[in-house]
Amino acid sequence: VIDLITGVVPRAHLFVAPDIAENGTTEPRSIVAAVEWLLEQGVRLIALPFGGQMEVPDIGRALRAAADRGGIFFAASGGGWSEELLFPARHAATIAVAASDEVGTPCFHRDPPDDVDLLAPGWNVPAVGSAGVTSATGSSIACVIATAVAALAIANEAIDVSQVDRASVVRLLREQV
């Protein structure tokens, strides 16, 4: 499927490091191993379109260590049902992304928590899945879109790749998304 999709960043290389069970769950050690593997491959922008209520110390340590090595993480903030950001979106090393509709209004008819870093499109976004073209809604899709926009900005040299850090990406994307 990936070979058939041109995407918004045609020069980007897409790396997928899933270890997700059929029921949609994964183990913290698998996430830690995936982050390590992505960094070993030279990946700088990493989407984390998942989350949960519980803080997972092993994942937190891996994110901090990876950020210290240049990894930039975008994380889904969670939906309208929670007043608190999900983990890992509430981790200091991540860019917490919430979903907005097509005009930039936060989804779920309420403002996102104050610690959300970015709003990105996440309401009825066309998506390709096993059933064909459908639509997706939520901060997970917004997280992936924000990561793609950051990759596009780097590809178009809106950000000097040698100067890319969490703060510069957030600043640029607040102007772009």
Side-chain angles (χ1 to χ4, degrees), residues 15-21 23-36 38-39 43-125 127 135-151 153 159 164-177:
F15 288 77
V16 180
D19 186 15
I20 311 254
N23 68 359
T25 63
T26 190
E27 294 293 321
R29 70 178 179 277
S30 296
I31 295 169
V32 170
V35 166
E36 273 298 313
L38 289 166
L39 286 176
V43 175
R44 297 279 309 275
L45 303 176
I46 300 172
L48 305 172
F50 55 83
Q53 294 297 319
M54 290 179 39
E55 188 120 356
V56 183
D58 289 346
I59 294 173
R61 284 189 291 276
L63 293 175
R64 171 53 40 219
D68 289 346
R69 293 173 42 204
I72 299 172
F73 299 93
F74 295 80
S77 67
W81 51 268
S82 177
E83 294 293 323
E84 181 181 49
L85 292 181
L86 296 180
F87 178 84
R90 67 176 174 259
H91 190 280
T94 67
I95 297 169
V97 183
S100 68
D101 65 15
E102 63 278 356
V103 295
T105 303
C107 289
F108 311 111
H109 308 291
R110 68 176 184 86
D111 289 333
D114 291 339
D115 36 5
V116 164
D117 296 301
L118 294 172
L119 282 174
W123 187 260
N124 290 330
V125 175
S135 66
T137 293
S139 64
S140 291
I141 193 74
C143 168
V144 173
I145 288 172
T147 308
V149 172
I159 302 176
V164 172
D165 62 10
R166 182 188 179 284
S168 65
V169 169
V170 169
R171 194 170 37 257
L172 178 76
L173 292 185
R174 284 184 175 157
E175 298 168 3
Q176 303 293 319
V177 175

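What you see is a predicted model; the values in this text were computed from it and never measured. Values below: every heavy atom of this structure, side chains too, minus hydrogens, waters and symmetry copies.
Annotation: side chain to side chain donor-acceptor pair (under 3.5 Å) contacts of T105 (sequence neighbours excluded): none. In this structure R61 satisfies the side chain to side chain donor-acceptor pair (under 3.5 Å) test together with D58, sequence neighbours excluded.
Residues P106 and L119 form a side-chain contact, since some pair of their non-hydrogen atoms from C-beta on lies under 4.5 Å apart. Taking the side chain as every heavy atom from C-beta outward, F73 and V35 approach each other to under 4.5 Å. With a 4.5 Å cut-off on side-chain heavy atoms, F87 and I59 count as touching. I141 has its side chain within reach of I145: a pair of non-hydrogen atoms, C-beta onward, lies under 4.5 Å apart. You'll find the side chain of P88 reaches within 4.5 Å of the side chain of F50, heavy atoms only.
To the nearest 0.5 angstrom, R44 atom CZ is 8.5 Å from D165 atom CG. One distance of note links CG of L45 with CG of L38; it measures 11.0 Å at 0.5 Å rounding. To the nearest 0.5 Å, the span separating CH2 on W123 from CD on E102 amounts to 9.5 Å. We find the CG-OG distance between L86 and S140 to be 8.5 Å, quoted to the nearest 0.5 Å.
For the side chain to side chain contact (heavy atoms under 4.5 Å, CB included) with L85, the qualifying choice from T94, D117, V116 is V116, the only one to do so.
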Practice item. Would you check, one step at a time, whether the test side-chain contact (heavy atoms from CB on, under 4.5 Å) holds for V169 with I95? Key: CA-CA 9 Å; V169 169; I95 297 169; 3.9 Å; yes
Practice item. Quick one: do F74 and L173 satisfy side-chain contact (heavy atoms from CB on, under 4.5 Å)? Show the steps, please. Key: CA-CA 12 Å; F74 295 80; L173 292 185; 3.6 Å; yes
Review point. So I31 and T26, side-chain contact (heavy atoms from CB on, under 4.5 Å) or not? Walk me through it.
Key: CA-CA 8 Å; I31 295 169; T26 190; 3.5 Å; yes
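Closest approach of L39 and G71 over heavy atoms only: CD2-CA, 4.0 Å. Closest non-hydrogen pair, A99 versus A142, comes out as CA-CB, 3.8 Å. Residues A120 and V97 approach most closely at CB-CG1, 3.9 Å, considering heavy atoms. Scanning all heavy atoms of the two residues, the minimum distance from A89 to A75 falls at CA-CB, 3.5 Å. Shortest non-hydrogen contact noted between S77 and S139 is N-OG, 3.4 Å.
Proximity of a side-chain donor or acceptor of R90 to a complementary backbone N or O of E84 within less than 3.5 Å is not detected. Between the side chain of T137 and the main chain of N124, a donor-acceptor pair closer than 3.5 Å is present. A donor-acceptor pair under 3.5 Å is absent between the side-chain atoms of R69 and the main chain of R64, judged by distance alone.
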